[in-house]
**Student:** 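Before I ask anything, let me first share the structure, which is written out below as C-alpha cells.
Here is the naming used below: chain letters follow the sequence lines, and residue numbers restart at 1 for every chain. Note that the coordinates shown come from a computational prediction; the quantities given were computed from them, not determined experimentally.
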Amino acid sequence: MAPPRSGDHGTSAIRELVSSSLKKTNKMMKKATNSKSIAEAASAGHGEEGKKWTTLVHNGVLFPPLYKRHGVKILYKGKPINLTPEQEEVATMPIYQWHQRVVEQRKQMSRKEKKALKEEREEIEEKFKWAIIDGVKEQVNNFKVEPPGLFRGRGEHPKMGRLKKRIRPSDMTINIGKSAPVPECPIIYGGERWKEIRHDNTVAWLACWKDPINQKEKYVKLAPSSSLKGRTDKEKYEKARKLKDYIPGIRAAYTKDFSSKDPLKKQIAVATYLIDKLALRAGNEKDEDEAETVGCCTLKVEHVVPLPPNTLKFDFLGKDSIRYQNQVEVEPLVFKAIQQFRSDKNQGNNADLFDLLDTNKLNAHLKELMPGLSAKVFRTYNASLTLDEMLNKKISKGTGDDVPEKEVAIICNHQRAVSKSHDAKMSKLDEKIEELKDVLNELETDLSRAKKGKQPESSSTINKKRKRNLSPEAIEKKMAQTNAKIEKMERDKLTKEDLKTVALGTSKINYLDPRITVAWCKRNQVPIEKIFTKSLLAKFAWAMDVDPSYRF
DNA sequence: CTCGTTACTTAGCATTTCTTGT
DNA sequence: ACAAGAAATGCTAAGTAACGAG
C-alpha cells in the first residue's frame with residue numbers, strides 16, 4: 001500500500017524537493033506520521049463530520065521586510081518637511097518616479113546578482129513554503145503576508161487610493177495541530193505575539209487576518225496541488241456532473257413556474273432560467289462601500305431590456321466590474337415575465353428586477369431540487385458540459401482552426417484587457433505577410449524563367465544574394481511552403497484578433513473538469529503537458545488516471 | 001427571517017520566466 | 001548570447017455561500 005496519498009499527486013520533481021527538505025523537519029514529521037493510521041482511518045471511511053485534518057504542522061507566515069528609510073524629504077511651501085518613518089513610507093507609495101527608479105536599478109543588476117538575490121530569497125522562503133498535513137508534506141499557497149500599499153480595487157471602487165496598512169503578527173491568527181509546535185513570532189517585531197492560536201481541524205486554513213481595507217477575513221491555505229484542495233476540487237466537478245441527471249427535472253419545474261401566480265416562485269423560476277441558460281453568477285447583495293456590480297439576483301431594471309418579440313438585451317457590470325453584454329432570445333413566457341417584473345416597479349430603472357429574491361432564497365430553493373445544489377454549480381456544469389460536447393462532436397481533430405475553450409470563456413464572460421502591444425503585434429504580422437508575398441511574386445518570376453531555361457533575375461530588393469539556379473519543381477515546392485507560411489500567419493492573425501479580449505485561462509483553472517481534457521488527450525495521443533502547464537498538472541494530479549472513455 | 005461573520009472559490013492583471021528568432 | 005515576445009506564475013481583490021445569533 002502506498003504511503004498516505006503521496007503517490008497520486010505531485011510530480012517527481014516536487015517529491016525530490018520534499019525529501020531533501022524533509023531532513024530539517026524530521027522531528028516534526030515523526031510526530032505527524034505517527035498518527036497516520038488515524039488519518040487513514042478518517043479518510044478511508046467518511047471520517048468525522050466536517051473534519052479536514054488530523055495533524056497539521058507548519059511554520060506560520062513570512063512577513064515582508066520592514067520599511068527602510070531613504071531619508072528624502074518632501075517640500076511643502078518650498079521647505080523640507082521632517083517625516084516620521086511611517087509618514088515617509090506612505091509618502092513614498094504614490095511617488096511614481098521613485099518606483100520607476102527602483103525598477104530601473106533592478107534591471108541594471110547583472111544576471112549573477114539577480115540569481116544570488118533570488119537564492120537568498122528562496123532560502124528564507126523555504127521554511128514557510130511547506131506544511132505537513134496528516135503526515136504528508138504539502139505546499140502552502142500564500143505564506144507571504146501581503147505588504148502595505150495603496151489600495152486600487154477594480155472598477156469604480158469607493159475606497160480607491162486608501163492606505164492598506166501593514167499587517168503585524170498581532171493581526172494574525174494561527175491555526176495549527178494541537179501537538180505541533182507553535183511557530184515563533186519573527187524577532188523583527190520584538191516580542192510581539194500572534195493574535196490568537198487555534199487548533200481547529202474543521203477548517204482548511206493555516207493562518208488568517210482581517211483585511212484592513214474591507215474588513216474581510218483573509219486566509220493562508222494550502223496550494224492547489226495539495227491533496228486537500230484536490231479532493232474538494234474533484235467534489236465540485238462531481239456535484240456538477242450530478243446536476244446533469246437532475247437538469248431535466250429542474251428545467252421542467254422552472255418552466256412550469258414561469259406562469260406561477262406566486263410572484264416569488266415566478267421570480268425564482270426566471271432567475272434560475274437565466275442562471276442555467278446564461279451561466280450568470282448568483283449575485284449577492286453588496287455594501288455601499290464596494291464597487292457597484294451585480295449578478296443575477298441583484299440585476300436592476302435598467303440592466304435587462306426586452307426587445308420584442310422575445311429577445312433580452314443584457315448590459316451590466318459583473319464581478320471585477322467586467323461588462324456583461326449579451327442579446328439572447330428567450331422563452332416567450334420568460335420574456336413576458338421580465339416585462340412584467342420591470343413594469344411592476346414604479347421606482348424606475350434603478351429598481352431591483354427581482355425585488356422579492358436574494359441568493360439565500362434562491363439557493364434554498366435549489367437545495368430542494370438537488371442535494372447540495374447552489375447557483376454556482378450551474379456555471380461549472382455549463383462550462384464542463386460545453387467543453388465535453390465540443391471535444392466529442394468534432395471528429396476532424398487537429399485542424400487547429402478553432403479553440404474549443406473559446407466557447408466556454410465566452411459563456412462565462414471571462415474577459416481580459418487588450419494587451420498594450422496588441423496593435424503593434426498585428427502590424428508586425430501584416431508586415432511579415434507582405435514580405436512573404438513579395439517573396440512569392442519573385443518566386444513566380446523565377447519559375448516562369450526557369451521553365452524557359454533561364455537564370456533567375458538577381459536584382460531583388462529583398463534578397464541581395466545571388467540565387468541558385470533551381471529546378472522548376474524546387475521553385476514550386478518553395479512557393480508551396482511560402483504559401484503555407486502566409487496562410488498560417490493569416491490564421492494566427494485571425495485567432496489573435498478573435499481572442500484579444502477573451503481570457504481562456506480562467507475557465508481552465510476553475511470550471512473545466514480536467515478529466516474531460518485528460519481523457520481526450522489519451523484518446524487522441526496528445527501529451528497532456530501540451531495542454532496543462534506545470535502548475536495545472538500539479539493541481540489536477542487527481543484527474544490523471546481517468547479512463548480514456550470518460551465523459552462529463 | 002435578517003444580518004453579520006466565516007470560510008471558501010474565482011478573477012484579472014502585474015510580474016517573472018521561458019522560448020524563440022537573430 | 002541576447003533581446004523581444006509569449007507563456008506561466010504570482011498576487012490579492014472580489015465573488016459565492018453556509019452558518020449562527022437575535
Side-chain angles (χ1 to χ4, degrees), chain A residues 50 52 64 103 106-107 111 114-115 118 121 125 141-147 149 151-155 157 159-160 164 167 173 175 198 200 202-205 208-211 213-224 228-229 232-233 235-236 275 280-287 290-291 293-298 317-322 358-364 366-367 372-380 383 409 412-422 424-425 428-429 432 492 496 501-511 532-539:
Chain A
K52 300 265 167 58
V103 169
R106 218 177 4 208
K107 253 194 216 159
R111 194 163 287 223
K114 279 187 196 166
K115 210 179 157 192
K118 196 185 164 190
R121 197 171 4 131
E125 290 172 4
N141 189 38
N142 53 330
F143 56 87
K144 289 182 190 169
V145 174
E146 295 174 16
F151 178 78
R152 170 58 185 88
R154 313 266 163 85
H157 203 295
K159 293 185 174 177
M160 167 168 45
K164 182 170 127 177
I167 307 297
T173 299
N175 190 38
R198 273 195 228 171
D200 184 353
T202 69
V203 295
W205 51 268
C208 80
W209 75 98
K210 195 158 240 166
D211 177 90
I213 290 289
N214 291 310
Q215 315 299 318
K216 282 179 75 179
E217 291 295 316
K218 286 193 171 174
Y219 303 87
V220 174
K221 300 223 237 106
L222 294 178
L228 180 65
K229 286 282 196 177
T232 56
D233 208 30
E235 280 163 11
K236 173 182 79 183
I275 284 169
L280 299 187
R281 294 190 185 83
N284 281 326
E285 304 288 337
K286 296 195 76 186
D287 270 353
E290 295 176 283
T293 62
V294 300
C296 184
C297 293
T298 39
L317 296 184
K319 181 177 180 181
D320 294 304
S321 293
I322 296 294
D358 61 38
T359 54
N360 271 324
K361 288 177 188 139
L362 179 67
N363 282 333
L366 294 177
K367 293 245 155 1
L373 185 61
S374 67
K376 78 193 274 282
V377 181
F378 284 85
R379 268 168 86 79
T380 314
C412 294
N413 201 37
H414 291 144
Q415 296 193 37
R416 59 173 180 170
V418 179
S419 89
K420 261 188 228 162
S421 54
H422 176 79
K425 281 180 206 159
K428 207 157 206 176
L429 272 177
K432 286 210 171 139
D492 278 2
K496 206 164 244 173
T501 61
V502 182
L504 298 173
T506 309
S507 45
K508 205 170 179 175
I509 294 173
N510 299 305
Y511 289 105
F532 288 153
T533 66
K534 197 162 63 120
S535 54
L536 283 184
L537 284 172
K539 169 171 176 161

**Student:** With sugar-phosphate meaning primed atoms plus P, OP1 and OP2, does A:Gly283 contact a base, only sugar-phosphate, or nothing at under 4.0 Å between heavy atoms?
**Tutor:**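 Counting heavy atoms under 4.0 Å across all strands, the contact made by A:Gly283 is with sugar-phosphate only.
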**Student:** Roughly how many Å is it from CD1 in A:Ile167 to C1' in C:dC11, rounded to a whole number?
**Tutor:**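 Checked: the CD1 to C1' distance equals 15 Å.
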**Student:** Quick one: A:Met160 CE to C:dT12 P, roughly how many Å, whole number?
**Tutor:**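 Rounded to whole Å, this separation is 19 Å.
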**Student:** Looking at A:Ala291 and A:Lys286, what are the two nearest heavy atoms and their distance?
**Tutor:**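 For A:Ala291 versus A:Lys286, the nearest heavy atoms are O-NZ, 2.9 Å.
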**Student:** Please determine, for the side chain of A:His414, which listed nucleotide (B:dG12, C:dT12, C:dG15) has the closest atom?
**Tutor:**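 Given the options B:dG12, C:dT12, C:dG15, the side chain of A:His414 is closest to B:dG12.
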**Student:** Name the one of A:Thr293, A:Leu317, A:Asn413 that satisfies side chain to side chain contact (heavy atoms under 4.5 Å, CB included) with A:Ile322?
**Tutor:**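 With A:Ile322 as partner, side chain to side chain contact (heavy atoms under 4.5 Å, CB included) holds for just one option, A:Asn413.
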**Student:** Please tell me which of A:Ala375 and A:Arg152 maps to the more 5' nucleotide of DNA chain C, matching each residue to the nucleotide holding its nearest heavy atom.
**Tutor:**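 First, find each residue's nearest nucleotide; the 5'-ward one identifies A:Arg152.
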**Student:** Using atom CD of A:Glu125 as one end and atom P of C:dG10 as the other, report the distance to the nearest whole Å.
**Tutor:**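 Taking CD of A:Glu125 and P of C:dG10, I get 10 Å after rounding.
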**Student:** Among C:dA14, C:dA17, B:dT9, which nucleotide sits nearest the side chain of A:Lys236?
**Tutor:**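 Output: B:dT9.
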**Student:** In whole angstrom, give the distance that lies between atom CZ of A:Phe143 and atom P of C:dC11.
**Tutor:**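 Going from CZ in A:Phe143 over to P in C:dC11 covers 8 Å.
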**Student:** Measure the distance from NZ on A:Lys159 to C1' on C:dT12 and round it to the nearest whole Å.
**Tutor:**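 Taking NZ of A:Lys159 and C1' of C:dT12, I get 16 Å after rounding.
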**Student:** Using whole Å, what does the distance between atom P of nucleotide C:dA17 and atom CZ of A:Arg281 come to?
**Tutor:**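 Atom CZ in A:Arg281 sits about 11 Å away from atom P in C:dA17.
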**Student:** Using a 4.0 Å heavy-atom cut-off, does A:Thr506 contact any base of the nucleic acid, only the sugar-phosphate backbone, or nothing at all?
**Tutor:**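 Touches sugar-phosphate only.
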**Student:** Mind listing the N/O atom pairs, protein and nucleotides 18-22 of chain C, below 3.5 Å?
**Tutor:**
unit_1 : atom_1 : unit_2   : atom_2 : d
C:dA18 : OP1    : A:Lys367 : NZ     : 2.7

**Student:** Nearest-nucleotide wise, let me know which of A:Arg416 and A:Lys229 is further upstream toward the 5' end of DNA chain B.
**Tutor:**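 The residue mapped nearer the 5' terminus is A:Lys229.
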**Student:** A:Lys425 side chain N/O closer than 4.0 Å to the phosphate oxygens (OP1, OP2) of C:dA6?
**Tutor:**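 Yes, within the criterion.
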**Student:** Less than 3.5 Å between a donor and an acceptor, one on the side chain of A:Lys319 and one on the base of B:dT10, is that the case here?
**Tutor:**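 For A:Lys319, whose side chain was compared with the base of B:dT10, there is a donor-acceptor pair (under 3.5 Å).
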**Student:** Nearest to the side chain of A:Tyr219, which nucleotide is it out of C:dA17, B:dA7, B:dA11?
**Tutor:**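 When the side chain of A:Tyr219 is considered, B:dA7 is the closest of C:dA17, B:dA7, B:dA11.
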**Student:** Please tabulate the protein-to-nucleotide N/O contacts below 3.5 Å involving nucleotides 16-20 of chain B, giving atom names and distances.
**Tutor:**
unit_1 : atom_1 : unit_2   : atom_2 : d
B:dT17 : OP1    : A:Lys118 : NZ     : 3.2

**Student:** Between the base of C:dG15 and the side chain of A:Lys216, is there a donor-acceptor distance below 3.5 Å?
**Tutor:**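 Counting by modelled atom types and ignoring angles, a donor-acceptor contact under 3.5 Å is found here.
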**Student:** Between A:Glu146 and A:Ser321, just flag the one whose closest nucleotide in DNA chain C comes earlier from the 5' side.
**Tutor:**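 Its nucleotide being nearer the 5' end, the pick is A:Glu146.
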**Student:** Just to verify, which of A:Thr359, A:Ile275, A:Leu362 counts as forming a side chain to side chain contact (heavy atoms under 4.5 Å, CB included) with A:Cys296?
**Tutor:**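 That would be A:Ile275.
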**Student:** Rounded to whole angstrom units, what separation is found between the CG atom of A:Leu317 and the P atom of B:dA11?
**Tutor:**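 These atoms are roughly 16 Å apart.
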**Student:** Taking the nucleotide of DNA chain B with the nearest heavy atom to each, does A:Lys218 or A:Lys361 sit closer to the 5' end?
**Tutor:**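 Comparing both residues, the 5'-ward one is A:Lys361.
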**Student:** Please determine, for the side chain of A:Thr533, which listed nucleotide (B:dA11, C:dT9, B:dT2) has the closest atom?
**Tutor:**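 Minimum distance to the A:Thr533 side chain belongs to C:dT9.
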**Student:** Send over the distance from A:Lys52 NZ to B:dA7 C1', rounded to a whole Å.
**Tutor:**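 The distance from NZ of A:Lys52 to C1' of B:dA7 comes to 8 Å, rounded to the nearest Å.
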**Student:** Over 60° means perpendicular and under 30° means parallel, so classify the ring planes of A:Trp205 and A:Tyr219, tilted if in between.
**Tutor:**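 A:Tyr219 and A:Trp205: tilted rings.
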